[in-house]
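For reference, the structure is listed below as structure tokens.
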Amino acid sequence: MRLLILGGTRFAGRHLAAAALDAGHEVTLFNRGLTHPGLFPRAEHLRGDRDSDGDLAAALAGRQWDAVADCCGYRPEQVAAATRCLRGAVQRYFFLSTISVYADFASGPDESSPLEAPLGPDVEQREDLRYGALKAQCEAVVEEAMPGRALIVRSGLLIGPHDRTQRFAWWVRRVAAGGEVLAPGRPGHPLQLLDARDLAAWLLLALARGAAGRFNATSPRGRLTFGGLLETCRAVAASTARFTWVDGSFLAANGVRPMDDLPLWLPEEAHGFYAVDAARAAAAGLTVRPLAHSVRAVLAELHSSQPAGVPSARLPPEREVELLQSWHARSAAASSL
């Protein structure tokens with residue numbers, strides 16, 4: 001397969017490029033050459049900025065590929081420019097979207113669930129807050145430009161090596177460090193995670209089979225819990241960590257921000273975010289590796305000289321100690337009544 005990847009050097013796109021090259025496919029990467037420019041010497045590299053119609057048109061003119069993988073489209077105008085250049089140059093257009101496109105997580109959404117409404121005129125000021133709505137608009141652009149040839153994959157939270165967000169890696173690192181660990185909510189709180197390497201392997205399979213349409217891509221609902229995540233991290237790291245489960249209402253009352261201060265954690269009322277129906281992708285061949293494999297790979301990366309990304313602001317150690325002390329004091333006071 002001749003595969004063009006827009007991006008291809010960060011996280012999901014990087015894993016897709018690696019998997020495609022390992023499988024013997026002909027890979028072309030189009031990007032600015034700013035992130036890991038020395039990666040993938042076996043691939044063809046086209047340089048340019050996708051935000052410039054001129055760069056795209058000049059680099060892609062007269063070329064043909066079996067499929068394009070758009071791993072870095074975030075705004076409708078970006079994606080529209082790519083589809084204009086590629087409408088007649090590719091058979092399949094894969095667009096990496098997100099489950100954040102769904103308007104409601106009161107219950108686990110499937111591919112037919114309502115999407116976020118289009119953005120208003122304040123889009124430039126609110127782009128960081130309207131990620132899902134922008135991605136939904138991008139999907140519409142691809143489907144309109146490539147009817148019957150668009151593969152829209154709504155990914156859940158991705159984990160694995162080279163993740164610059166460090167959300168999953170934060171827990172791997174914290175548990176490996178040992179000591180008393182503030183565990184949010186309850187052990188049985190559901191999670192859905194997908195290793196980016198599993199996503200890449202499935203995308204190659206889906207593109208080779210000519211798949212089209214919309215797919216939610218994440219682990220099966222009901223398979224993973226927060227307690228299972230932490231226990232797996234502890235076992236893989238051979239850590240002496242001790243978990244203290246702290247009620248979510250206590251954390252909220254103390255200003256702890258879900259997903260930001262404590263990565264992956266969401267309050268109970270947002271449980272639908274981790275109850276997404278991914279049965280369609282599973283039926284189309286998506287498989288999920290054991291969580292321990294992902295933990296082991298991330299732990300090895302953390303021990304390397306160049307771990308991916310830089311951890312953003314999370315719960316500082318001193319704040320964790322303060323919260324745990326306050327939680328224990330509250331618990332002791334309650335038990336004395």
Side-chain angles (χ1 to χ4, degrees), residues 2-17 20 27-40 43-65 67-98 100-101 115-146 149-155 158 162-165 196 199-200 203 308-310 312:
R2 293 167 298 166
L3 177 63
L4 169 66
I5 302 178
L6 304 182
T9 56
R10 283 189 177 181
F11 201 28
R14 177 173 177 166
H15 286 298
L16 178 60
V27 176
T28 301
L29 304 180
F30 175 85
N31 55 51
R32 294 174 297 172
L34 301 180
T35 304
H36 307 299
L39 277 178
F40 308 126
E44 178 187 16
H45 294 263
L46 303 177
R47 296 299 185 217
D49 188 339
R50 69 173 298 162
D51 288 332
S52 166
D53 280 5
D55 283 6
L56 273 169
L60 308 182
R63 302 290 301 275
Q64 294 284 321
W65 292 271
V68 59
D70 190 344
C71 301
C72 58
Y74 295 102
R75 300 193 311 274
E77 63 271 19
Q78 283 182 322
V79 177
T83 58
R84 283 195 298 270
C85 292
L86 291 167
R87 187 181 291 113
V90 297
Q91 296 300 310
R92 288 279 181 276
Y93 195 115
F94 154 64
F95 180 71
L96 181 59
S97 189
T98 169
S100 295
V101 298
L115 305 184
E116 286 271 9
L119 292 166
D122 61 343
V123 57
E124 290 303 322
Q125 290 73 30
R126 302 189 61 189
E127 182 175 332
D128 60 330
L129 303 177
R130 300 300 301 277
Y131 171 66
L134 286 167
K135 280 285 196 177
Q137 290 179 273
C138 291
E139 290 184 10
V141 169
V142 174
E143 290 177 326
E144 181 178 358
M146 311 284 285
R149 296 188 288 154
L151 174 62
I152 306 295
V153 176
R154 294 166 179 163
S155 171
L158 293 175
H162 312 310
D163 177 12
R164 296 181 63 83
T165 73
L199 176 66
L203 288 175
V310 176
S312 57

Between [atom1] on residue [X] and [atom2] on residue [Y], distance to nearest 0.5 Å:
X	Y	atom1	atom2	value
Ile152	Lys135	CD1	NZ	9.5 Å
Leu86	Asp70	CG	CG	9.0 Å
Arg50	Phe30	CZ	CZ	8.5 Å
Leu29	Arg14	CG	CZ	11.5 Å
Leu6	Leu56	CG	CG	7.0 Å
Thr35	His162	OG1	NE2	13.0 Å

Looking only at non-hydrogen atoms, find the nearest pair between [X] and [Y] and report the distance.
X	Y	answer
Thr83	Ala145	CB-CB, 3.6 Å
Cys85	Ala57	SG-N, 3.8 Å
Leu158	Ala12	CD1-CB, 4.1 Å
Val79	Cys138	CG2-SG, 3.7 Å
Ala82	Tyr93	CB-OH, 3.5 Å
Asn31	Gly7	ND2-O, 2.8 Å

With a 4.5 Å heavy-atom cut-off, do [X] and [Y] have their side chains touching?
X	Y	value
Arg63	Val90	no
Arg75	Asp51	yes
Tyr131	Thr98	yes
Leu46	Thr28	yes
Cys72	Arg10	no

Would you check if the side chain of His45 reaches a backbone N or O of Pro37 as a donor-acceptor pair within less than 3.5 Å? no

Side-chain (Thr9) to main-chain (His36) donor-acceptor, under 3.5 angstrom: no

Non-neighbouring partners of [X] that pass side-chain hydrogen bond (donor to acceptor under 3.5 Å, both in side chains), sequence neighbours left out:
X	value
Glu116	none
Arg87	none
Arg154	Tyr102, Glu139

Could you list the residues that satisfy side-chain contact (heavy atoms from CB on, under 4.5 Å) with Arg2, not counting sequence neighbours? Glu26, Gln64, Trp65, Asp66

Run the side-chain contact (heavy atoms from CB on, under 4.5 Å) test against Cys71 and tell me which residues pass, sequence neighbours left out. Ile5, Leu16, Ala69, Phe94

Residues forming a salt bridge (charged side-chain N to carboxylate O under 4.0 Å, His left out) with Glu144, sequence neighbours excluded: none

Carefully, step by step, assess Leu203 and Leu96 under the rule side chain to side chain contact (heavy atoms under 4.5 Å, CB included). CA-CA 10 Å; Leu203 288 175; Leu96 181 59; 5.5 Å; no

Charged N to carboxylate O below 4.0 Å: is that the case for Asp55 and Arg32? no

